[in-house]
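Residue numbers start from 1 in every chain, and the chains themselves are labelled A, B, ... in the order their sequence lines are given, proteins ahead of strands.
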There are 2 protein chains.
Amino acid sequence: MLTPERHQMILELLKEKEVIRIQEITEATGASESTIRRDLSELEEQKLLQRVHGGASSLPRKMEESTFLERAMRNEKEKTAIAKYAAGLVNEHDSVYLDAGTTTYLMIPYLPQDNLVVVTNGVNIALELLKRNIKTILLGGELKARTWAVVGRDAVTTIGQYRFDKCFLGINGIDAEHGLTTPDPDEAHVKQLALRYSDEKYVLADSSKFSRITFAKVAELDGLHVITDEGLDDVQREAYQKKTKLKVVTV
Amino acid sequence: MLTPERHQMILELLKEKEVIRIQEITEATGASESTIRRDLSELEEQKLLQRVHGGASSLPRKMEESTFLERAMRNEKEKTAIAKYAAGLVNEHDSVYLDAGTTTYLMIPYLPQDNLVVVTNGVNIALELLKRNIKTILLGGELKARTWAVVGRDAVTTIGQYRFDKCFLGINGIDAEHGLTTPDPDEAHVKQLALRYSDEKYVLADSSKFSRITFAKVAELDGLHVITDEGLDDVQREAYQKKTKLKVVTV
DNA sequence: TTGATTTTGATTGAATTCGAAAAATAAACT
DNA sequence: AGTTTATTTTTCGAATTCAATCAAAATCAA
């Protein structure tokens, strides 16, 4: 294993764990303790991490991505598993709607690259798609500071111009009785239209979202594919399976 | 196998692997270790890769801002001066259109914060406005990779929903006879509409843009305010002053 | 063809990286 | 405080990798 590979791996580990001890790195890389210590010194020199007694910790990140990636961190393992599965459902020549949100954001690395058109209302999602050279159409409208989502009259008008093979929605609350709910009525409206104009409708919801109800109703559960992780108990699982096509992915 | 073939092959391998060891290259090319070392030295010289102990690694390309800030760097002093002056023209309670582009991007820090609505087709501009908590409306449409600008049918539809007190356009070419021109016809179309729907029309063009003509025509010069720097000679200055309201800012 | 130039592959001593052990330092405990 | 344990730094030899050199092969110019 070459030095830059090790460095990369160490930084990857730090992204997930915030702090890491030397032993974990030696096990992951197969290199000796001495080598890892040297690596850590170099990386600290380059200001890419902070050494601490027993290992290293990641530097306090600056404003930039924090709003986004921080939220993505909650249940990241589960969300990544869900996102990976969802992205696997996308084929070449599909036209796809990707809702603004963290779980849908995580789908991007796993999407097929060619002959794909993606429509989205998430600005960060659009930029990430662009990096992968995927044809991207962004909805118009007012930009929400908290979510970097485009909503409002223009978004509604623009989305009406398209029809989708598949849409993928993140959601704040999913409940057997009250269906899908989200805190912002404007965002709810856009989600509704995405569902209406889409052939196959997928909802990505890690298990923490279940039996939660928020302000604005998006849709009933009928006819939806819901992708979630293993955190649901059997009773819940059965209840939702009656209403939707539930897919449980393993982390 | 000829030298350029080998070089090409090495770069191809690096695209896929991020890092590569010498042995892998010798196996793939059939050339000797010495030859590969010479190749790597040359390629490093040309800044096409980074040598590391045991092999080579691809250069850390900084996707993020590079496209933008790099271009912003050209004539940065002049552009900033122009942007600062232009931003001073914006009052509270205005509704403003900010065209995608580097000079308009530089206006953002100097805009008034309150009771302002900004419409833009530049994704990076929208994000920057958001950081300043300025109410932002983003046009919809297809996203251009090079400029991070939204263009196309949806952009045209969306912009038609608004009327502006002032619009600020960046431009690639400005010429006394051929007017404003820009390389991309789609972007030209959006600029045309911004001008049509705007009361006061401002064009931001540092002096390098003068007497330059590119592919797609945007508009004639009549009725435009042009803001530029001191780099214009007296003859040019007089010529343009006949056609437009020319404002020269000092750096 | 001949001689000059360039490219290539092998060899060698120097430099580097790595792992392990020893010495030094810091934390934890009695 | 004094002892023990854990962690870090330093040191050193072995293994690998590197740069330089040189001769053979291929290419080029007349």
Enquirer: With a 4.0 Å limit, can you tell me whether B:T35 has a side-chain N or O closer than that to the phosphate oxygens OP1/OP2 of C:dG9?
Expert: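 Checking C:dG9 against B:T35, a side-chain N or O does come within under 4.0 Å of OP1 or OP2.
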Enquirer: Specify whether A:H225 and A:Y202 have parallel, tilted or perpendicular ring planes, treating 30° as the upper limit for parallel and 60° as the lower limit for perpendicular.
Expert: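 The arrangement is tilted - the two ring planes meet at 30° to 60°.
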Enquirer: For DNA chain C, whose closest nucleotide is more 5', that of B:A31 or that of A:T3?
Expert: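 The residue mapped nearer the 5' terminus is B:A31.
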Enquirer: Measure CG/A:L40 against P/C:dC18 and give the value in whole Å, please.
Expert: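 Distance, rounded to whole Å: 13 Å.
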Enquirer: State, without any angle test, whether A:E27 and A:Q23 hold a side-chain donor-acceptor pair at a distance under 3.5 Å.
Expert: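 Per modelled atom types, A:E27 and A:Q23 side chains form a pair under 3.5 Å.
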Enquirer: Could you write nucleotides 4-19 of chain D as a row of B, S and -, 5' to 3', where a protein heavy atom under 4.0 Å of any base atom gives B, of only sugar-phosphate atoms gives S, and otherwise -?
Expert: ---SBB-------SBS
Enquirer: Can you check whether A:Y97 and A:F168 have ring centres sitting under 6.0 Å from each other?
Expert: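 No, they do not, as the ring centres are separated by 6.0 Å or more.
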Enquirer: Does one side chain, of A:E142 or B:T136, offer a donor that lies under 3.5 Å from an acceptor on the other?
Expert: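 Absent: no donor and acceptor within the cut-off.
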Enquirer: Would you name the heavy atoms of B:R212 and B:T181 that are closest together and state the gap between them?
Expert: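 Of all heavy-atom pairs spanning B:R212 and B:T181, the closest is O-OG1, 3.9 Å.
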